[in-house]
Undergrad: 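Structure incoming, see below.
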Amino acid sequence: LYDRMERVFEQMQTAGCMPDVFTFNTMIDAYGKGLQYAKMEHAYRRMLMSGCHPDIRTYSSLMDAYRKAGLYEDVEATLKSMCTAGCKPDVKAYSLLIDIYGKRGRLEKMEATLKEMQLAGCRANVVTYTGILDAYGKAGLFEQMEEVWLSMINLHLKPDMSAYVTMLSAYGKGRLFDKMEMVFEELKAVAKTMKIVGPKPVCPAYNVLIDAYGKGKEIRKMEEAFEAMQQTGHQPS
RNA sequence: GCAGAGUGAGACACUAU
């Protein structure tokens, strides 16, 4: 659908309507998500040339695209130009960076970014913390993960579905089934208060349980989970 | 004048590389 987007973009200009930050941001993000990096950079250059100033969303979209492409030097470069442009990262930008460092296993850098964020007076939210939980979980650092979980609760941040699933799958991979079950019980208790996005909201959590038990050769438990899943009206996927 | 509307971040499984 890029050709259509481009056509509209041209029409806009011939109609005398100058693209603004919104327009460019939308295009840059679309190209980035569609892995059209050359076009994305072209749009970015065009944006700069038209005297339109990139904002935090522009930089975030760029960094997100570079992350997906594995171009981490470009992420850093974008971050730099963002800072030089006097644009300060916000929660979402920090979450993105934290996620990048976490996924690359650069835990010190991740922690440093979190500190920097706090010093900048930027409050981490659930998404930020989920990224950190995931990093520690995948690294097998369960104590650290639990610490982060607790500090998250202490900040009165309510873990959402993604946060719970992160915890569950970390414990599942570590074969810490008791802990996994405790978290799952907790999830079931709070699931009702969570905003229901789909008709069967707890589904991904069941997937994690079944997968974990299956790989841990806990066939009985796996079957129990599968049954419970069906009884609660979830479609196995 | 007022009000509203458009752009960025996180988890799991399945399939493909």
Side-chain angles (χ1 to χ4, degrees), chain A residues 5 8-9 12 17 19-35 40 43-44 47 52-68 70 75 78-79 82 87-104 110 113-114 117 122-138 145 148-149 152 157-174 180 183-184 187 194 197-198 200-215 222 225-226 229 234-237:
Chain A
M5 181 172 83
V8 174
F9 182 66
M12 232 174 101
C17 182
D20 63 356
V21 208
F22 266 47
T23 319
F24 281 116
N25 284 350
T26 310
M27 292 213 309
I28 288 174
D29 191 55
Y31 284 137
K33 294 222 159 45
L35 314 174
M40 179 183 80
Y44 178 57
M47 177 181 191
C52 187
H53 294 288
D55 67 0
I56 184 75
R57 281 171 255 253
T58 321
Y59 294 114
S60 289
S61 293
L62 288 170
M63 290 193 291
D64 191 30
Y66 290 138
R67 168 185 63 165
K68 290 204 176 79
V75 174
T78 310
L79 181 63
M82 182 171 120
C87 185
K88 298 235 180 294
D90 66 354
V91 218
K92 292 190 182 183
Y94 275 123
S95 302
L96 175 64
L97 289 168
I98 285 176
D99 182 62
I100 292 174
Y101 297 137
K103 287 214 168 49
R104 289 174 67 198
M110 180 184 78
T113 308
L114 178 66
M117 175 179 182
C122 185
R123 299 183 66 178
N125 65 18
V126 204
V127 178
T128 323
Y129 276 108
T130 306
I132 301 172
L133 290 172
D134 191 49
Y136 286 136
K138 293 212 162 86
M145 184 179 80
V148 174
W149 178 262
M152 185 169 125
L157 290 172
K158 294 227 187 315
D160 62 3
M161 196 56 185
S162 294
Y164 274 108
V165 173
T166 303
M167 292 294 280
L168 288 173
S169 63
Y171 285 140
K173 286 210 178 85
M180 184 177 77
V183 175
F184 187 65
L187 168 63
M194 295 198 314
V197 237
K200 313 293 175 197
V202 203
C203 197
Y206 278 110
N207 285 339
V208 175
L209 288 208
I210 292 172
D211 189 54
Y213 286 139
K215 290 187 174 134
M222 182 184 79
F226 186 67
M229 181 176 175
H234 290 82
Q235 289 289 332
S237 50

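So you know, we letter chains A, B, ... as the sequences are listed, proteins then strands, and number each from 1.
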Undergrad: For A:Asp90 and B:A9, give me the distance from atom CG to atom C1', rounded to whole Å.
TA: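 Rounding to the nearest Å, CG of A:Asp90 and C1' of B:A9 are 9 Å apart.
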Undergrad: What's the OH-P distance between A:Tyr101 and B:A9, to the nearest Å?
TA: 18 Å
Undergrad: Between C1' on B:A13 and NZ on A:Lys173, what's the gap in Å once rounded to a whole number?
TA: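 A:Lys173 atom NZ is separated from B:A13 atom C1' by 10 Å.
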Undergrad: Contact class for A:Ile210 (heavy atom, under 4.0 Å): base, sugar-phosphate, or nothing?
TA: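 No contact.
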Undergrad: Of the nucleotides B:G10, B:C12, B:U7, which has the atom closest to the A:Val208 side chain?
TA: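 Output: B:C12.
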Undergrad: For A:Leu97 and B:A9, what is the distance between atoms CG and P respectively, to the nearest whole Å?
TA: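 Taking CG of A:Leu97 and P of B:A9, I get 13 Å after rounding.
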Undergrad: Among B:U7, B:A11, B:A9, find the nucleotide with the atom closest to the side chain of A:Ser95.
TA: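 When the side chain of A:Ser95 is considered, B:A9 is the closest of B:U7, B:A11, B:A9.
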Undergrad: Quick one: is A:Lys103 getting a side-chain N or O under 4.0 Å of the B:A11 phosphate, OP1 or OP2?
TA: yes
Undergrad: So which nucleotide from B:G10, B:G8, B:C12 ends up closest to the side chain of A:Ser169?
TA: B:C12
Undergrad: Around atom CZ of A:Arg104, are there more than 12 heavy atoms from other residues, nucleotides or ligands closer than 6.0 Å?
TA: yes
Undergrad: Give A:Thr166 one of three labels, base, sugar-phosphate or nothing, depending on what nucleic acid heavy atoms sit under 4.0 Å from its own.
TA: sugar-phosphate
Undergrad: What is the distance from CE of A:Met12 to C1' of B:G6, rounded to the nearest Å?
TA: 11 Å
Undergrad: The side chain of A:Thr26 lies closest to which of these nucleotides: B:C12, B:G6, B:U7?
TA: B:U7
Undergrad: Measure distances between side-chain N and O atoms of A:Ser61 and base N and O atoms of B:G8, and say whether any donor-acceptor pair falls under 3.5 Å.
TA: no
Undergrad: Give one of base, sugar-phosphate or nothing for A:Lys68, where a contact means two heavy atoms less than 4.0 Å apart.
TA: nothing
Undergrad: Hydrogens and angles aside, do A:Thr166 and A:Asp134 bring a side-chain donor and acceptor to less than 3.5 Å of each other?
TA: no
Undergrad: Can you check whether A:Lys138 has a side-chain N or O nearer than 4.0 Å to OP1 or OP2 of B:C12?
TA: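 So the side chain of A:Lys138 is within the cut-off, an N or O lying under 4.0 Å from OP1 or OP2 of B:C12.
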Undergrad: So what does A:Ala93 hit on the nucleic acid, given a heavy-atom distance under 4.0 Å: a base, only sugar-phosphate, or nothing?
TA: base
Undergrad: At under 4.0 Å between heavy atoms, what does A:Ser60 touch on the DNA or RNA strands: base, sugar-phosphate, or nothing?
TA: base
Undergrad: Let's see if you can work this out: which of B:G10, B:A9, B:G6 has an atom nearest to the side-chain heavy atoms of A:Asp20?
TA: B:G6
Undergrad: Please report, rounded to the nearest Å, how far the P atom of B:U7 is from the OH atom of A:Tyr31.
TA: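 Checked: the OH to P distance equals 18 Å.
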Undergrad: Heavy atoms only, 4.0 Å cut-off, all strands: where does A:Asp55 land among base, sugar-phosphate and nothing?
TA: nothing
Undergrad: Examine B:G6: is either OP1 or OP2 under 4.0 Å from a nitrogen or oxygen in the side chain of A:Arg57? Give yes or no.
TA: no
Undergrad: Determine whether any donor atom in the side chain of A:Asn125 lies under 3.5 Å from an acceptor atom in the base of B:A9, or the reverse, and answer yes or no.
TA: yes
Undergrad: When the ring centroid of A:Phe226 is compared with that of A:Tyr213, is the distance short of 6.0 Å?
TA: no
Undergrad: Tell me yes or no: between the side chains of A:Asn125 and A:Thr128, is some donor less than 3.5 Å from an acceptor?
TA: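 Per modelled atom types, A:Asn125 and A:Thr128 side chains form a pair under 3.5 Å.
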Undergrad: Determine whether more than 12 heavy atoms belonging to other residues, nucleotides or ligands lie under 6.0 Å from atom NZ of A:Lys88.
TA: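 Result for NZ/A:Lys88: open.
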Undergrad: Base, sugar-phosphate, or nothing for A:Lys215, non-hydrogen atoms under 4.0 angstrom?
TA: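 No contact at all - A:Lys215 keeps every heavy atom at 4.0 Å or more from the nucleic acid.
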Undergrad: Atom CE of A:Met180 to atom C1' of B:A11: distance rounded to whole Å?
TA: 15 Å
Undergrad: How many angstroms lie between atom NZ of A:Lys68 and atom CD1 of A:Ile100, to the nearest 0.5 angstrom?
TA: 9.5 Å
Undergrad: Check the distance between B:U15's C1' and A:Asn207's CG and give it to me in whole angstrom.
TA: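 The distance from CG of A:Asn207 to C1' of B:U15 comes to 14 Å, rounded to the nearest Å.
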